[in-house]
Amino acid sequence: MTWRERQAYIRPDLQGPEPMKSFVINLDRAPERLAHLNVTFGRHGLSFTRMAAVDAKLLTPREVAERCTPDAKLGVSELACFLSHRKCWQAIVDLAIPHAVIFEDDVLLGKDAAEILNQSDWIPPQAALIKLETNARPTIVEKAIEGSSAGRSLRRLRGPHFNAGAYVVSRDGALALLAASERVDRPVDLFLFDESGLDRLATYQLAPALCIQPFVARRLDLEHGDPTLMASAVDEDRKARRPRGLKRVGHKLRRLAENVRVTLRGVGCRLGHRHEWGPVPFI
């Protein structure tokens with residue numbers, strides 16, 4: 001019995017808001033990941049619509065060249081992942097859905113998922129994008145709370161917070177994302193949640209986060225779902241493209257410099273008393 005069916009049984013006179021539509025991106029050749037989602041969502045009495053992912057193995061060199069900018073920094077699997085998210089954004093526009101949730105197929109859900117996902121009245125009208133997950137790395141959010149649901153607060157996201165495993169997007173937000181991504185120059189999580197992405201749309205963070213991906217859960221020594229779940233095609237692509245030798249040293253130095261820059265900015269934000277800096281917890 002789903003959450004709405006239980007509510008109708010308990011209170012047949014109760015006419016609550018319609019649940020948000022949930023899209024789950026899943027490759028045809030990854031049935032084990034779809035099975036994981038069926039168990040995960042079923043545990044919370046939630047349903048979802050499967051969106052067949054774009055398969056990197058089926059993209060031709062011409063298609064890759066047409067969809068990427070000349071200076072693009074992403075692999076073919078990352079491009080396919082981006083195009084899969086675009087399919088969801090297009091469906092939101094075509095179906096005129098006010099708000100929808102987009103999930104990647106390895107996501108884990110925290111407590112009270114049904115209470116949050118079965119309604120949208122907690123979303124402020126100006127919010128175009130809401131990040132539901134955490135990568136457990138420090139980021140910056142405003143102190144001002146602009147909404148709440150199931151004991152979680154909604155705050156404007158002001159610092160980079162990568163991964164794109166779970167987020168809410170409005171129809172207007174989906175329109176803007178489609179217009180800004182006719183050609184792709186970076187992975188979808190950077191496009192959505194780096195500093196340029198945050199400037200593009202009014203983006204919020206749900207805290208504590210409702211969702212987490214297994215590799216983050218493992219890093220935090222949390223329950224991380226089915227241990228036999230295969231790595232995604234994007235993970236394999238990124239491993240194959242990792243720089244080696246001196247290039248790897250240079251890459252690590254650039255990462256270190258970026259971490260220092262973000263840390264200094266976070267400390268400055270804290271001193272300004274308008275923002276909070278730190279990892280978003282998951283419950």
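The structure presented is a predicted model; accordingly, all values stated were derived computationally and were not measured.
At a threshold of 4.5 Å between side-chain heavy atoms, the hydrophobic network of Ile, Leu, Val, Met, Phe, Trp and Tyr places Ile116 and Ile123 in one connected group. Connection of Phe23 to Leu178 is established within a shared hydrophobic cluster, with ILVMFWY side chains joined at heavy-atom distances below 4.5 Å, either directly or through further cluster members. Hydrophobic clustering, with ILVMFWY side chains joined whenever heavy atoms are under 4.5 angstrom apart, groups Val216 together with Leu222.
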Could you give me the CA-CA distance, side-chain angles and deciding distance for Thr203 and Arg156, then say whether side chain to side chain donor-acceptor pair (under 3.5 Å) is met? CA-CA 6 Å; Thr203 303; Arg156 190 74 181 261; 5.9 Å; no

Please report the C-alpha distance between Arg186 and Ser196 in whole Å, then the side-chain angles of each, then the deciding distance to 0.1 Å, and finally whether the side chain to side chain donor-acceptor pair (under 3.5 Å) criterion is met. CA-CA 12 Å; Arg186 71 194 73 180; Ser196 63; 3.0 Å; yes

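Salt bridge status for Arg29 with Asp55: present, with a side-chain N to carboxylate O gap under 4.0 Å. A salt bridge does not link Arg50 with Asp105: every distance from a Lys NZ or Arg NE/NH1/NH2 to an Asp or Glu carboxylate oxygen is 4.0 Å or more. The pair Glu146-Arg155 does not count as a salt bridge, with every side-chain nitrogen at least 4.0 angstrom from each carboxylate oxygen.
The closest side-chain heavy-atom distance from Arg152 to Glu115 is not below 4.5 Å.
Pairing each heavy atom of Cys68 with each of Arg183, the nearest pair is O-NH2, 2.6 Å. Closest of all the heavy-atom pairs between Ala217 and Leu108 is CB-CD1, 4.1 Å.
You'll find the ring centres of Phe162 and Phe193 outside the 6.0 Å limit.
Ring geometry for Phe41 against Phe103 counts as perpendicular: the plane angle is over 60°, on a 0 to 90° scale with 30° as the lower cut.
Applying the side chain to side chain contact (heavy atoms under 4.5 Å, CB included) test between Leu190 and each of Val188, Asp194, Leu192 identifies Asp194 as the sole match.
Looking at His161 and Glu133, their side chains never bring a donor and an acceptor atom within 3.5 Å of each other.
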Side chains of residues 168-177: which donor-acceptor partners sit under 3.5 Å, not counting sequence neighbours?
unit_1 : atom_1 : unit_2 : atom_2 : d
Ser170 : OG     : Gly173 : N      : 2.9
Arg171 : NE     : Val93  : O      : 3.4

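Cation-pi check for Arg67 over Phe82 is not met; the charged atom does not lie both under 6.0 angstrom from the ring centroid and within 45 degrees of its normal. Cation-pi geometry between Lys131 and Tyr204 is not met: the NZ or CZ atom fails to fall both under 6.0 Å from the ring centre and inside 45° of the normal.
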